[in-house]
Asker: 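Take this structure, written in structure tokens, and hold onto it; I'll ask about it next.
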Amino acid sequence: MAFSQAQFQAAVDKINSGMSDLSGKIQQVIPTAQSAVDQWYVPGFVADAVMWLANKVVNIAEALWNKFVELLKGVAAPVLFFVDAFDWEDVKGLASGVAGELSPTVLPSGQHWTGTAQQAYAKIVPPQAAAATRIGAISDSTAIALGVCAVAGLAFYVALGVILAQFIIAMIGVIAALGSVAFSWAGVALAVGDTTVSAGLIITAVTTLIAVLTAQTQQMVSLHGQTVDNSVFPGGKWPNPNTSSYNSAS
């Protein structure tokens, strides 16, 4: 699965629209329940049970609505991951270009320049090429890690959209059960049970996302280890290309 900004925006729009629909459904539950039980033929104990169930639905729905609000606080992250991954691939391209330009077959210095300085220059070029190659490799790995995070974020918010849509369907079932002419408090109870499924689905989606991001965190730690590896960056910095360090004017 590749990251698509258009698909991601569609998923977010679906969630936002669903949130608005859910808010409206929450406001319908209590009035619908009250209207259903406010009939002469509904026994008091049934009315009490139904109103308890209606309030239970509202509590579940409000908790879910608040959970979605919380999860949407990080909605910009997948797009930022994707943009940063794109930028890191640009860094890889630049580093690869530097490594290519420092290839011994490309440098003309050996054909027009001789002496101690030329030898020192030729000696210092390979470490710079190696450093540029390492930067390219690190940039590529960073871009891949960020890309995986972006795709995981896309999958997560698509899953949330599906969960929200299922929950709204369950809410419609509850409201329909409450307002049905063939009123049944048992039917209402069954419909309420359907609304509890979404909470478990959200936990599953969050757990899956955390697992992916945890793996990527480990990858980022590995990348940090590569950046501080002095075997390619002597002294922990880019090799010095300044000709004054060659100590020769020949």
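In what follows, residues are counted from 1 in the order of the sequence shown. Note that this is a predicted model, so its numbers are computed, not measured.
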Asker: Using the rule that Ile, Leu, Val, Met, Phe, Trp and Tyr join whenever any side-chain heavy atoms are under 4.5 Å apart, tell me whether I60 and I172 fall into a single cluster.
Answerer: yes
Asker: Can you measure from CG (L94) to CD1 (I135) and round to the nearest 0.5 angstrom?
Answerer: 10.5 Å
Asker: Would V162 and L64 show up in the same hydrophobic cluster when neighbours are defined by side-chain heavy atoms closer than 4.5 Å?
Answerer: no
Asker: Are the side chains of L53 and V57 in contact, using a 4.5 Å heavy-atom criterion?
Answerer: no
Asker: Go through the steps for F156 and L71 under the test side chain to side chain contact (heavy atoms under 4.5 Å, CB included), then give the verdict.
Answerer: CA-CA 10 Å; F156 175 69; L71 293 174; 4.0 Å; yes
Asker: Which heavy atom in A61 sits nearest to a heavy atom in L22, and how many Å separate them?
Answerer: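 The pair with the smallest heavy-atom distance is O-CD2, 4.2 Å.
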Asker: Taking C-beta and beyond as the side chain, do W52 and D48 meet within less than 4.5 Å on heavy atoms?
Answerer: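 W52 vs D48: side chains apart.
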Asker: Measure the OG-CG distance between S17 and L164 for me, rounded to the nearest 0.5 Å.
Answerer: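 Those atoms lie 8.5 Å apart.
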Asker: First locate atom CD of E89, then atom CG of D84, and finally report the distance between them rounded to the nearest 0.5 Å.
Answerer: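 Reported to 0.5 Å precision, the distance equals 12.5 Å.
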Asker: Determine whether N16 and L72 make a side-chain contact, defined as any pair of heavy atoms from C-beta on separated by less than 4.5 Å.
Answerer: yes
Asker: Run the side chain to side chain contact (heavy atoms under 4.5 Å, CB included) test on V151 and F81 for me, step by step, so that the C-alpha distance in whole Å, both residues' side-chain angles and the decisive distance to 0.1 Å come before the verdict.
Answerer: CA-CA 9 Å; V151 171; F81 286 148; over 6 Å; no
Asker: Look at the side-chain heavy atoms of Ile, Leu, Val, Met, Phe, Trp and Tyr, link any pair under 4.5 Å apart, and say whether V158 and I169 land in one connected group.
Answerer: no
Asker: Just by modelled atom types, is the G136 backbone N or O under 3.5 Å from a matching donor or acceptor in the D140 side chain?
Answerer: no
Asker: Say you draw a straight line from CE of M51 to CD1 of I30; how long is it, rounded to the nearest 0.5 Å?
Answerer: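 Output value for this atom pair is 4.5 Å.
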Asker: Rounded at 0.5 Å granularity, tell me how far CG in L146 sits from CZ in F82.
Answerer: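 The distance works out to 11.5 Å.
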Asker: I'd like to know if V12 and L80 are part of one continuous hydrophobic network [Ile/Leu/Val/Met/Phe/Trp/Tyr, side-chain heavy atoms within less than 4.5 Å].
Answerer: no
Asker: Which residue pairs satisfy the ring-ring contact (aromatic ring centres under 6.0 Å, His included) criterion with at least one member in residues 200-222, sequence neighbours excluded?
Answerer: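 Of all non-adjacent pairs touching residues 200-222, none passes ring-ring contact (aromatic ring centres under 6.0 Å, His included).
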Asker: Could you give the distance from CD1 (I168) to NZ (K25), rounded to the nearest 0.5 Å?
Answerer: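 Answer for the CD1-NZ pair, I168 versus K25, is 7.0 Å.
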Asker: Would you please name every residue forming a side-chain contact (heavy atoms from CB on, under 4.5 Å) with E70, sequence neighbours left out?
Answerer: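 So E70 forms a side-chain contact (heavy atoms from CB on, under 4.5 Å) with K67.
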Asker: Not counting sequence neighbours, which residues clear side-chain contact (heavy atoms from CB on, under 4.5 Å) with S23? List them please.
Answerer: Q27, W65
Asker: Given the rule in the side chain to side chain contact (heavy atoms under 4.5 Å, CB included) test, do I138 and V91 qualify, once you have shown the distances and angles that lead to the verdict?
Answerer: CA-CA 10 Å; I138 292 174; V91 174; over 6 Å; no
Asker: Should V75 and F8 be marked as a side chain to side chain contact (heavy atoms under 4.5 Å, CB included) after you check the CA-CA gap, both sets of side-chain angles, and the distance that decides it?
Answerer: CA-CA 10 Å; V75 73; F8 180 76; 3.9 Å; yes
Asker: Taking M19 as the starting point, is it possible to reach I163 by hopping between hydrophobic residues whose side chains are less than 4.5 Å apart?
Answerer: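 Yes, I163 connects to M19 through the hydrophobic network.
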